[in-house]
Structures are given as C-alpha cells and as structure tokens.
Protein chains: 2
Amino acid sequence: MAKGKTKPAKEATTEEKIKAAARKIFTQKGYAAARTRDIAEEAGINLALLNYYFRSKERLFELVMKENIQLFVGNLAENIGNNPHRPFIEQLEYICSSYVDMLLEYPNLPFFIMNIIQSGGGNVDINDPLFSSVAKLRGVFIYGLKEEMEKGRIKPIHPLHFIANMMSLIIFPFIAKPLLMTRVGITDNKEFESLMQERKKLIPEWIRSMLKK
Amino acid sequence: MAKGKTKPAKEATTEEKIKAAARKIFTQKGYAAARTRDIAEEAGINLALLNYYFRSKERLFELVMKENIQLFVGNLAENIGNNPHRPFIEQLEYICSSYVDMLLEYPNLPFFIMNIIQSGGGNVDINDPLFSSVAKLRGVFIYGLKEEMEKGRIKPIHPLHFIANMMSLIIFPFIAKPLLMTRVGITDNKEFESLMQERKKLIPEWIRSMLKK
DNA sequence: GTCTATAGGGTGATAGAC
DNA sequence: GTCTATCACCCTATAGAC
C-alpha cells in the first residue's frame, strides 16, 4: 500500500520544496523580477535541480500562477456557486469574511494577480477557464443583486460599480498596506491585521448603507 | 533671449523623447520587466543615446519615478493643503473628482506605484519627502475627519479605514480594469471610462452614506 | 549628438560526474 | 537525484568612428 513511486509524504519532498519556494518568490516579486537562483536558494537546493524537476522558469511560474489564481477566485466562486439560494446579504457577509481571511494568510496575492493582469509573466489568458470560474460567481451573485433591485429593496446600481466597490474595499488595503500604514502612522503589523479583521464586519455594513434607499 | 544652451522647446528634443518613452514603458511594465531597448525603440532613437543622456537605466527610472509619484500625490496634496478650511464634504468631492480625472489620464499610474511599493526598481524610500508630502494631506484631511466626528456629525471611524476606503474606491477599479470588464461583460473602453466618470459623483455619496449616523 | 560595434556581467538552461 | 562547471543568450553600458 505504501509502495509505488510517490513518496510517503512524510517530509517535504524536494519537488515540493522547490514549488513552495517558487510560490514565495514569484508571489513576492512577480515574474520578471524573480530569479531562478533566488528560488533555488530559498528552497535550499541547487539551481540545476529546478530545471530537472520543472523544465523552465516559465513552466514553474505557470504552475504557481494557476494555483494562485485558484486561491484567489476558485474556492470562493465554488462556495458561492454551491449556495446559490443563500440570502443576498449573507452571501455578501460570507464573501467579505472569507476573502479577508484568505488575504490575511496570503497578503501578497493581490500584487501577484495585479502583476499578471498587467501583462506579467507566463502567457496569461484572462479568459482562462480558471478566471472564468468567476463567471459562476458573477452569475449567481449579480443575479442576486439584480433581484434585490427589482424587488425595490436597494438603490439601483450598475453591477460593475457594485462588484468594483466590493473588491476594492476588500482587496485594496492589502495592496496599499505600506502606504496606508505610514499615512496613518501605524507601525505595528499586528495593528494592521486587527484592523483588517474589523473590516470583515464593517465592509458588509458599509455596502449595505451604500445600497440603502 | 532665445540664446543659451537650452533649446527653444519648439519640437520635442531627443532628451524629452527618451524621457517620454521611458515614462511610458516603465509605467506600463515596471522596472524589472522594462528593457532599455524597448525604451530606445519607443523613442525612435539608438540605445546608446539613452546612456548618453541619462547615465543608466536606474537613474532614468528614478527620474520617471519621482515625476510619477509627484503626479500621484503631489498636486493633490498641495491643493488640499492650500485649502485647509474648505468644508469637509467639499474636500471629499474635490479629491474624488480630481483623482479620477488624473487616473483617466494616466490609468497605469496605480500599477506603477504599487509595483515600487512592493519593492520595485530604484531604491525607493517610502518615507521619501515626496511620499510624505502626503503628510500634508493627512494632516489637513484627517484633521477634518476628526473634527466631524467630535462634533458628532458622522459615525465614528478609524482614520485608516476612512483613508483606505476612499483610496480603494477611487484607485482600485483602474488596477482591476481588465478583470472587472470581463466579469461584468463590458468590452468597450468608452463604457468603462464613462462608468469611471460616474464614480466622481457616486463615491462621495457612497462615503457619505457610510458615515451617516 | 548620433551612430555601430562590442565589452562586461548576469540569467536561464544543460552536460556530465557522482 | 543531486551536484559542479559551463554554455548560450540577453541586457546594460561604453568605446570610438563620424
């Protein structure tokens, strides 16, 4: 049973170490600024091994990229898609909460995504199935929004404004973190994180008040 | 009068052409991904000339960077600073309007700034005088916010949340433009721009409703 | 000032020993 | 599988002719 080529998954295998290091470096610096030597060093292995396991820098990047995109939109879209009948306001609360949690764990993800959107590393198609898994989110979530509008429960708003506002309030602080902190005079990282925790509750409230008639 | 070493500024001088090309390429791709060859080609000149006028890629970048940062925070902060007694709500409206206008003209600026914040090209000190010219904005603007809170005219809010929300709503849509457009099914650039125009009025309204007691 | 040619250094990738 | 050594290429920067 514990035979076969695949390892017992006890300790981190070399391949996994490289991938982990690649995720860290790529996510931190983007494709162009990241050097394979950095990744090798971070993984504590030789540069040649990187090309032994993964054929090239670009292949390695695309691997990391797809996993990052999955993180960024996949799980979320799936959860939304699986609960299509949850009340609109609860969907909203759920999204904010789980997204902020995810970003607290991977704070560099927004920069990474932004970087590839702007025409970053590997040949990214923004219409990739991965990205368009968000279509599910759009379908369900925007449908809920329109329903609320039609029933006259909220102020009319263009879907793009709504989506933009929600994403902005959730994601942007993580991108602008250094600027925000110096601007407001915060130096402690813990303080920033606890403020982000606050936003999990605050953002839905803010959005609700925006939509109030 | 029209003598001296400096040109009559009739046609674009070579130096200016290079700088313009550099701004375009650097702003679009960031420091690491930009190649001096791209810049030279964009400027329609030989690569050697780039090093003749500006000593190195890094010097050229720092030049562009400082001008971009100036664009991003300078003029705004100055205007705010020069009208410290304008009513709070008018400050807010003015900021949104002029910032969106500026971003419509330089839509890649947010990407550029975020890129150097994340540890981009030249040795950027985020406590640079240029950045801290924003201190002026902070000083005046946050003061206005606190005053409103003390007078009980708005709901209490942490200054970071307030600044973050304002910046988010203004800036983020320009960063996420491609994603937003596919998500909502917009293909025409003009439509996106006119939606951004709408936001000049909408954002202050949204923020006001957030702060309403 | 502007060009061609090339130096100099770094980066991704591979050959080959172990 | 893992390493050392090295190649081939690309990119920045400069030398030198015009």
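We name chains A, B, ... by the order of the sequence lines, and we start the count at 1 in each one. This structure is a prediction, so every number in the text was calculated from the model and none was measured.
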Participant: Using whole Å, what does the distance between atom P of nucleotide C:dT2 and atom CD of B:Glu41 come to?
Facilitator: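 One finds 18 Å between P of C:dT2 and CD of B:Glu41, rounded.
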Participant: Quick one: side chain to side chain contact (heavy atoms under 4.5 Å, CB included) partners of A:Arg23, sequence neighbours excluded?
Facilitator: A:Thr27, A:Val64, A:Glu67, A:Asn68
Participant: Could you tell me the separation between the CD1 atom of A:Ile25 and the P atom of C:dT11, rounded to a whole number of Å?
Facilitator: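 Value for this atom pair: 13 Å.
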Participant: Quick one: A:Ile45 CD1 to D:dG1 C1', roughly how many Å, whole number?
Facilitator: 11 Å
Participant: Do B:Gln91 and B:Asn83 get their side chains close enough for a donor-acceptor pair, meaning under 3.5 Å?
Facilitator: no
Participant: Has the side chain of B:Lys66 got a donor or acceptor atom that lies under 3.5 Å from a matching backbone atom of B:Phe61?
Facilitator: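 Side chain of B:Lys66 to backbone of B:Phe61, a donor-acceptor pair under 3.5 Å: no, none is there.
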Participant: Quick one: what's the B/S/- string for nucleotides 12-18 of chain C, heavy-atom cutoff under 4.0 Å, read 5' to 3'?
Facilitator: BBBB---
Participant: Taking atom C1' of D:dT14 as reference, at what distance in whole Å does atom CZ of B:Phe54 sit?
Facilitator: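 Going from CZ in B:Phe54 over to C1' in D:dT14 covers 17 Å.
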Participant: Hey, are B:Asn108 and B:Lys29 close enough side-chain-wise for a donor-acceptor pair under 3.5 Å?
Facilitator: no
Participant: Rounded to whole Å, please give me the gap between CG in B:Leu60 and P in D:dC11.
Facilitator: 17 Å
Participant: Parallel, tilted or perpendicular for B:Phe172 and A:Phe172, by the 30°/60° rule?
Facilitator: perpendicular
Participant: Whole-Å distance between D:dA13 P and B:Phe61 CZ?
Facilitator: 14 Å
Participant: Kindly write out the residues that satisfy side chain to side chain contact (heavy atoms under 4.5 Å, CB included) with A:Arg37, not counting sequence neighbours, or none if the list is empty.
Facilitator: A:Leu47
